[in-house]
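Data first, discussion second: the structure below is written as structure tokens.
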Amino acid sequence: MRSSLADYQLLGPFGPGGEDDGTWLARSPERLGDDAGTVVLLELPDPGPAVWPEVVDRLSRLAMVDHEGLPRLIEAGRTEESDGVVAWASRTETSARPLRAPAEDRQQALQAVAAAARAAHALHEAGLAHGDIRPAALLGDGERVVLEPPLRPLVRPDARAGERRTAADLDPIDAAALWGEGPSRASDIWSLGATVHALVSGELLHPDLKGDGPVTAVQRILIEPPQVAEGLGEELEALVRRCLSPDPADRPATAADLAAELEQLAGDK
Amino acid sequence: MTARVEVLPGPGLVIRFGDLAVWAGPTASTELVSFLRQSARNVAGFADSGRQVADHLGGVLGAGSPEPGVPFGLVGPTGSGWVAVLHGPVQAWDGSRWWAPTADRGWLETAIVPQPAVCIGPSGSPRPRVVLESPYDLVAGMVSGGGLLLLPNSGEGLPPSLRPVRESSRVGAGAGGRRSAAGGQPSSQGISPAAGAGVGAGGGAGFGSGAGGPTAGARAEREAPGPPARSSAGTAPAPGRPGQAGAAGAVSAAGALGATGALGATGAGAAGAFGAGGASGATRAAGASSVASGIVDLRRGVGAEGEVAPALPLGFLPPPKGRPEVGGIRCPRDHHNRPGATVCPWCQQPIPAGRPQVPGPRPTLGVLLADDGAVYRVAEDLLIGSDPSVDDTAVAGGALMPLVLDSQPGLMAPAHAELRLHGWTVRVVDRGSASGTFVVAAGSTGWTRLEPYTPVDLPSGSHLSLGQRVLTFLSPWR
């Protein structure tokens with residue numbers, strides 16, 4: 001494993017993807033003063049020097065969203081060995097890790113997705129869609145949950161709308177976001193519904209995806225309707241189905257509305 | 001010459017001598033233009049020509065601007081970086097942030113880091129599109145122009161801090177250390193045409209009578225590694241990001257690096273590799289030689305007084321403005337669909353027969369699914385290849401969106417094939433590639449090699465083969 005990236009000391013991969021994700025837990029340098037400490041470091045795909053200003057602009061817009069459910073962005077830069085690096089710090093303890101499906105506790109799962117929905121709403125109100133909400137994008141330390149910042153979708157330099165990932169990562173993507181103009185309020189709400197579905201049921205919405213290659217998996221997501229697992233409970237199943245409705249008019253209007261309903265369900269149980 | 005200067009369209013004048021580039025707005029007086037031009041000529045041969053002119057202007061403007069409200073700006077080298085002076089309703093874009101004088105002060109001097117370029121022009125002008133390999137270059141002289149774009153290149157003679165990031169000897173990005181905006185040699189004569197020797201090149205009349213070169217004290221201040229380099233003047237509202245006054249100093253590459261004492265600094269305190277500050281520092285701190293070419297501090301400042309972006313609309317995003325209009329039919333939710341569609345792919349609502357065709361912005365026509373699982377939207381014309389940006393005019397001009405596909409060396413041309421959108425139809429065009437572009441239509445089994453530069457319709461389900469990569473085009477209207 002590499003030991004350093006720029007002047008950050010790498011402590012280990014961050015997230016389920018290991019080193020391939022290009023996401024690291026790292027110790028930041030002393031020059032950051034009060035922000036020296038353990039942070040998450042993300043290597044970005046090559047945006048190209050001409051696109052870097054645009055990337056910086058987008059990162060700055062993201063950094064402007066100050067919400068307790070979102071990590072703080074610290075800095076971004078380019079190095080000889082990486083075309084782009086972004087450091088960010090979680091507002092939870094550094095022990096925060098991506099959630100795994102299924103969650104051990106249903107109530108905690110509902111509260112976690114509610115927190116993520118409120119963070120997503122803050123992004124939406126700032127004119128940004130997340131575009132990559134999935135269980136692994138929810139970082140928890142046992143007490144709080146923050147939503148991983150949507151860095152990769154923000155820095156895609158070309159027409160790319162999605163990239164090869166695991167079936168579990170592809171499953172929560174709203175096909176309409178791929179067909180259409182990209183992530184939106186409606187597609188993020190779809191993904192939040194898929195995320196709570198995965199965390200509570202442990203099932204994918206396209207249950208056969210796991211055996212498929214990436215091309216087949218994407219084709220199935222684009223074409224096949226999702227299947228909601230049994231056992232969610234009547235109210236949660238109804239809420240998940242609304243989130244997954246093909247017509248965005250039938251979904252919760254905002255992620256904040258969804259958060260309120262999830263909190264209500266969490267409080268009822 | 002070590003930099004390229006591109007003249008942007010619009011009213012005004014662009015002056016370039018050496019690596020010092022100046023833009024003056026159309027309201028600049030003949031005297032001011034003459035002064036700026038002569039100043040640039042006088043210092044053209046110096047590695048710190050920007051520093052010299054900035055010092056002199058600082059002295060002049062510090063005593064009160066002779067032409068308040070007149071837009072002009074310059075950018076030039078300091079010997080270890082770049083400096084910009086902005087006066088009146090003018091703005092500079094460094095690839096990361098807008099810089100502009102505050103209204104009350106009226107002018108601004110700031111260290112600036114081209115990322116990869118610096119653009120100077122009138123307030124309110126849009127952010128420029130930077131084309132790295134553009135052939136446009138004002139080598140020397142004065143021409144009409146509405147702004148300028150300066151790109152340092154990788155040529156010999158550039159200070160290490162300005163070389164491209166991939167050069168092994170890169171030592172941080174950026175301009176010199178702190179420079180008091182009011183520093184330099186004051187002049188009581190205001191701006192007047194120069195005659196005689198250049199500033200710092202032996203004294204003499206310089207830019208204004210009585211003005212001389214920078215003092216030893218001023219240089220000592222610039223070269224000291226100590227205090228943060230945040231610009232107290234900060235930035236004023238600018239297109240796209242209004243209201244980030246002051247804060248942007250912390251956000252810009254210059255401010256961020258300077259804040260740590262790293263930007264262009266020479267002291268040990270600048271040892272952070274990511275923040276740049278010297279190759280030795282990088283090696284010591286990180287055990288590697290990686291150094292940032294431009295670091296952006298995202299921690300503070302942004303957002304405090306920043307632009308309030310409009311919230312996302314409810315539902316899906318509509319096609320962005322500027323898409324061509326095509327005749328289509330509307331679903332009950334008012335989504336624009338291809339004529340003949342029976343179900344809206346966005347909301348799954350049935351579309352009653354007999355709906356009239358109406359014009360509307362063309363939505364995304366589908367996706368290209370790559371053999372590695374990557375998905376590419378087909379929303380505008382695409383140029384596919386290993387390095388589509390080689391086509392400067394089409395890609396950089398925005399006519400074609402680049403789609404970079406990796407392949408084995410020699411198999412994929414840099415600009416291999418185009419996808420052209422015509423109405424609701426997607427067409428593929430081989431760009432005369434050596435290895436060819438092949439298509440197998442949906443329902444067919446054999447690959448057909450395309451004739452170069454001959455468009456062929458690409459129905460949903462068709463496969464494309466180029467450079468031993470396979471792409472499948474899928475349309476939501478099936």
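Both backbone and side-chain heavy atoms feed into the values below; hydrogens, waters and symmetry mates do not. In the text below, chain A, chain B and the rest are named by the order of the sequence lines, each starting its count at 1.
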Taking every heavy atom of B/Thr472 against every heavy atom of A/Gln219, the minimum-distance pair comes out as CG2-NE2, 4.4 Å

Please check if the side chain of A/Arg185 supplies one atom and the backbone of B/Gly315 the other of a donor-acceptor pair under 3.5 Å.
no

Shortest non-hydrogen pair, A/Leu178 vs B/Val367, comes out as O-CG1, 3.3 Å

Does a donor on one side chain sit under 3.5 Å from an acceptor on the other, for B/Gln348 and A/Asp247? no

Contacts of A/Glu224 meeting salt bridge (charged side-chain N to carboxylate O under 4.0 Å, His left out) (sequence neighbours excluded), chain-then-number -> A/Arg220

Turns out that what part of A/Ala249 lies under 4.5 Å from chain B's heavy atoms comes down to side chain

If you tally heavy-atom pairs under 4.5 Å between each of B/Cys347, B/Cys344, B/Pro318 and chain A, the highest tally belongs to B/Cys347

Under 4.5 Å to a heavy atom of chain A? For B/Leu369 that would be side chain

One should read off an interatomic distance between A/Trp179 CH2 and B/Phe316 CZ, to the nearest 0.5 angstrom, of 13.0 Å

The interface call for A/Gln9 against chain B, heavy-atom contacts under 4.5 Å, is neither

The salt bridge (charged side-chain N to carboxylate O under 4.0 Å, His left out) partners of B/Asp381 (sequence neighbours excluded) come to none

When rounded to the nearest 0.5 Å, the distance separating CG of B/Leu312 from CG of A/Leu123 is 9.0 Å

When the 4.5 angstrom heavy-atom criterion is applied to B/Ala117 and chain A, the contacting part is neither

Between the CZ atom in A/Arg251 and the CG atom in B/Leu314, the distance rounded to the nearest 0.5 Å is 12.5 Å

Max heavy-atom pairs within cutoff under 4.5 Å with chain A, candidates B/Gln349, B/Arg333, B/His335, goes to B/Arg333

Assert top hit (heavy-atom pairs under 4.5 Å, partner chain A, pool B/Ala370, B/Gly366, B/Ser475) equals B/Ser475

Q) Does the B/Arg377 side chain pair with the main chain of A/Gly180, one donor and one acceptor, at a distance under 3.5 Å? A) yes

So, the part of A/Asp188 with a heavy atom under 4.5 Å from chain B: the answer is neither

